[in-house]
Structures are given as structure tokens and as C-alpha cells.
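First the structure, in the form of C-alpha cells, and then the observations on it.
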Amino acid sequence: MKYTKLNFMMSVLGIIIYITDLIVDIWVSVRFFHEGQYVFGVLTVSSMLFGTLVVQCFSYSWFKADLKKAGQESQHCFLLLHCLQGGVFTRYWYALKNGYHVAFKYNSKTDNFMEKQIDPHKEVIDRVTDLSMLRLFETYLEGCPQLVLQLYILLEHSQANFSQYAAIMISCCAISWSTVDYQIALRKSLPDKKVLNGPCPKLTYLFYKLFTLLSWMLSVVLLLFLSVNIALFLLLFLWFLGILWAFKKQTQFCASISMEFLYRIVVGFILIFTFFNIKGQNTKNPMSCYY
């Protein structure tokens with residue numbers, strides 16, 4: 001597998017969407033507090049903190065595992081960066097720096113580091129896959145609850161400011177992009193998986209996820225209008241079932257037991273909104289049962 005110029009441009013687009021989503025979320029939360037809508041402001045900030053804290057935990061855990069595998073000691077600067085919520089930006093820096101060199105400057109006929117045991121293309125692809133996984137986690141932990149919240153506010157008050165419309169649009173873009181980007185990166189990193197070649201399969205997968213997600217979220221919003229308690233009970237029940245499914249499949253995604261437990265909780269949360277292949281196996285029957 002090769003890390004191409006198109007892959008590099010997709011990584012650049014990914015960080016642009018990530019930063020834009022972050023700015024819009026802060027903008028919306030500030031508007032809520034400024035207008036005296038403290039409940040909505042607290043809910044928006046809470047979803048942001050929940051998503052980013054979980055992602056920083058995974059990112060730092062993977063950094064420690066990579067350093068241990070390379071025979072290096074864990075560096076305190078990485079811990080400080082993650083405490084300051086800079087883990088994803090750090091990963092983007094390494095991915096874009098190495099990706100630019102591999103995509104634009106690397107030549108297997110002239111470069112000497114081809115003699116290394118690690119293929120530079122595979123190394124960059126693995127970095128991008130980790131980053132895509134983290135973005136997927138943050139998108140569903142933060143973006144999906146916020147999208148439900150913004151849709152609920154929009155339909156309840158029938159009047160919304162520009163920041164709320166922007167939040168809805170950016171959330172849709174972030175969810176769709178992170179889902180497709182993760183699928184592309186995952187298939188590129190696994191030799192036994194078919195790569196999504198050409199725009200047709202990518203667009204098909206994009207619209208499949210986008211339409212199923214939006215239809216389910218609108219259903220949740222309508223249920224919130226009928227009864228908030230029933231809607232919350234349903235979501236918590238689905239989360240519980242998702243966690244049970246993750247434990248039943250006995251996932252082995254993380255090196256430590258605590259991070260594996262957290263991973264199964266996150267998987268259960270993602271399963272509230274969309275189907276997620278947690279072990280890379282054939283999903284025909286589980287997907288049919290899910291939908």
C-alpha cells in the first residue's frame with residue numbers, strides 16, 4: 001500500500017474540518033451562555049469535554065504503547081500535551097509531516113531509508129489510521145449528541161441563529177467525513193481488506209451512513225418531544241446493549257485492561273447511532289440484526 005498525494009490532501013481536509021468543528025462548538029456554547037440558556041450551554045460543553053477527554057486517554061495510551069514497542073521511555077512532554085488537550089494536534093503534526101515527505105518527496109530508488117525494516121508508506125498509513133480512529137471516537141462521542149441537541153432546539157423554538165445552523169452543518173460534515181475517512185484508512189492498513197477505489201464506493205458509503213444517521217437522530221428528537229424520560233431511557237438501554245455486545249465479542253483492541261474496558265464503553269455508545277464493526281469480521285448477519 002502507498003500513501004498518495006490524495007491521501008495527504010484528505011488528511012489536510014480532515015484537520016480543517018476538525019478545527020472548524022471545534023471553533024463552531026465553542027461559538028455555540030458561548031452564545032448559549034450569553035443568551036441565558038445555561039442548560040443548553042452546559043450540555044454543549046459537557047459533550048465537548050466528554051469526547052475530548054476520552055480521545056486524549058486513547059491517544060496517550062497509544063503513544064505509550066508505541067514508545068514501549070520502540071524500546072523508548074515514556075516522555076513527560078506527551079503527557080503534558082494530552083493534559084492540555086493537544087494529543088490530536090500532535091498526531092496531526094506527525095502524520096502531516098511524515099505524510100508530506102512520503103507523498104511528495106520520497107523516492108524508493110534514491111532514498112536510503114528504504115533499507116530500514118519499516119516501510120515508510122506503511123508507517124504513515126498506520127499513523128493516519130490511528131488518527132482516523134481517534135477522530136471517529138470524538139465525532140460520535142461529541143458530534144452526535146450535539147447534533148441531536150441542536151436539532152431539538154431548532155424544532156422546539158422554530159427560530160435559530162446562524163451559529164446553530166452552522167453547528168448542524170459542521171456536525172453533519174464531521175460525522176460523515178470521519179466515518180468515511182476511518183473506513184478508507186482502515187482498509188488501507190489491513191492487507192486482507194479491499195480498498196475503496198474510486199469516488200463511487202466512497203460516496204455510496206458516505207450517503208449510507210449520513211442518511212441512516214440523520215433519520216435515526218430525527219427519530220430521537222421527535223421522541224424527545226413526546227417524552228424526555230422515555231427517550232433517555234431508550235438511549236441508555238441501547239448503550240447498555242452495545243456494551244454487552246462488545247463484551248460478548250471479547251474485543252482485544254487495547255493493551256491494558258482498563259483501556260479495553262473504556263473502548264467497549266465507547267463502542268457501545270457508537271452503536272447507539274450506527275453500526276460499528278468492532279472486530280473486523282464479516283458483518284452481514286450482525287448488521288442485518290442491528291438495522
Side-chain angles (χ1 to χ4, degrees), residues 25 39-40 42-59 61-62 132-153 155 171-172 174-176 178-179 182-183 186 208-291:
D25 289 341
V39 175
F40 293 146
V42 169
L43 289 175
T44 303
V45 173
S46 299
S47 65
M48 289 173 58
L49 292 177
F50 177 59
T52 189
L53 287 175
V54 171
V55 166
Q56 300 304 321
C57 289
F58 277 109
S59 180
S61 175
W62 295 349
S132 298
M133 188 70 166
L134 293 174
R135 286 288 295 115
L136 184 77
F137 285 169
E138 185 168 14
T139 298
Y140 280 92
L141 292 174
E142 175 191 338
C144 288
Q146 285 205 37
L147 184 56
V148 171
L149 176 63
Q150 298 303 331
L151 289 172
Y152 176 79
I153 296 171
L155 294 176
S171 293
C172 289
I175 293 169
S176 304
S178 64
T179 306
Y182 170 70
Q183 190 65 219
L186 179 66
Y208 144 64
K209 284 293 184 181
L210 181 62
F211 291 147
T212 53
L213 273 168
L214 285 178
S215 62
W216 169 236
M217 288 183 184
L218 286 172
S219 300
V220 172
V221 171
L222 293 176
L223 187 59
L224 284 170
F225 279 112
L226 296 176
S227 174
V228 175
N229 293 331
I230 293 177
L232 292 178
F233 175 79
L234 173 64
L235 294 176
L236 289 174
F237 180 68
L238 292 175
W239 191 1
F240 178 71
L241 290 180
I243 295 173
L244 287 181
W245 174 254
F247 274 95
K248 181 180 181 301
K249 300 298 289 185
Q250 297 181 349
T251 59
Q252 296 179 347
F253 186 77
C254 301
S256 64
I257 298 177
S258 58
M259 292 306 299
E260 186 65 33
F261 185 80
L262 180 60
Y263 170 72
R264 293 174 182 179
I265 293 176
V266 172
V267 166
F269 191 87
I270 295 175
L271 287 172
I272 296 176
F273 300 99
T274 188
F275 181 79
F276 184 66
N277 188 0
I278 60 179
K279 292 195 72 173
Q281 297 175 344
N282 185 10
T283 59
K284 183 178 179 180
N285 293 330
M287 187 182 292
S288 300
C289 294
Y290 177 86
Y291 286 110

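Remark: the backbone N or O of Val42 is paired with a side-chain donor or acceptor of Ser46 at under 3.5 angstrom. Side-chain atoms of Ser59 do not come within 3.5 Å of backbone N or O of Val55 as any donor-acceptor pair. Between the side chain of Thr212 and the main chain of Tyr208, a donor-acceptor pair closer than 3.5 Å is present.
The heavy-atom pair separating Leu224 from Ala231 by the smallest distance is CD2-CB, 3.4 Å. A pairwise comparison of heavy atoms in Ser176 and Leu210 identifies OG-CD1, 3.1 Å as the closest pair. The minimum heavy-atom distance linking Gly51 with Leu141 is given by the pair CA-CB, 3.8 Å. What you find for Trp239 and Ile272 is that their closest heavy atoms are CB-CD1, 3.5 Å. For the pair Lys209 and Phe275, the tightest heavy-atom approach, listed with the atom from each and the gap, is NZ-O, 2.9 Å. The two residues Val266 and Val54 have their closest heavy-atom pair at CG2-CG1, 3.7 Å.
With contacts defined as side-chain heavy-atom distances shorter than 4.5 Å, the pair Tyr182/Met133 qualifies. Side-chain contact between Leu213 and Ile175 is present, with heavy atoms from C-beta onward closer than 4.5 Å. Counting heavy atoms from C-beta on, the side chains of Met259 and Phe58 come closer than 4.5 Å.
Between atom NZ of residue Lys248 and atom CZ of residue Arg264 there is a gap of 12.5 Å, rounded to the nearest 0.5 Å. Considering CZ of Phe233 and OG of Ser227, their distance stands at 11.5 Å, rounded to 0.5 Å. Residue Tyr263 holds its OH atom at 6.0 Å from OG1 of Thr251, rounded to the nearest 0.5 Å. Between the OG1 atom of Thr179 and the CZ atom of Arg135 there is a distance of 10.0 Å, given to the nearest 0.5 Å. Between Leu223 atom CG and Asn229 atom CG the span is 10.5 Å, to the nearest 0.5 Å. Going from atom CG of Leu214 over to atom CG of Leu147 covers 6.5 Å, rounded to the nearest 0.5 Å.
A donor-acceptor pair shorter than 3.5 Å cannot be found between the side chains of Gln146 and Thr44.
The local environment of CD1 in Ile257 is sparse, with at most 12 non-hydrogen atoms from other residues, nucleotides or ligands closer than 6.0 Å. With a 6.0 Å radius and a threshold of 12 heavy atoms from other residues, nucleotides or ligands, Phe237 has its CZ atom at or below the threshold. Sparse packing is recorded around CZ of Phe240, with 12 or fewer heavy atoms of other residues, nucleotides or ligands lying under 6.0 Å away.
The aromatic rings of Trp62 and Phe137 are tilted relative to each other, their planes meeting at an angle between 30° and 60°.
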Q) For Val220 and Phe273, what are the C-alpha separation, side-chain angles and deciding distance, and is it a side-chain contact (heavy atoms from CB on, under 4.5 Å)? A) CA-CA 10 Å; Val220 172; Phe273 300 99; 5.8 Å; no
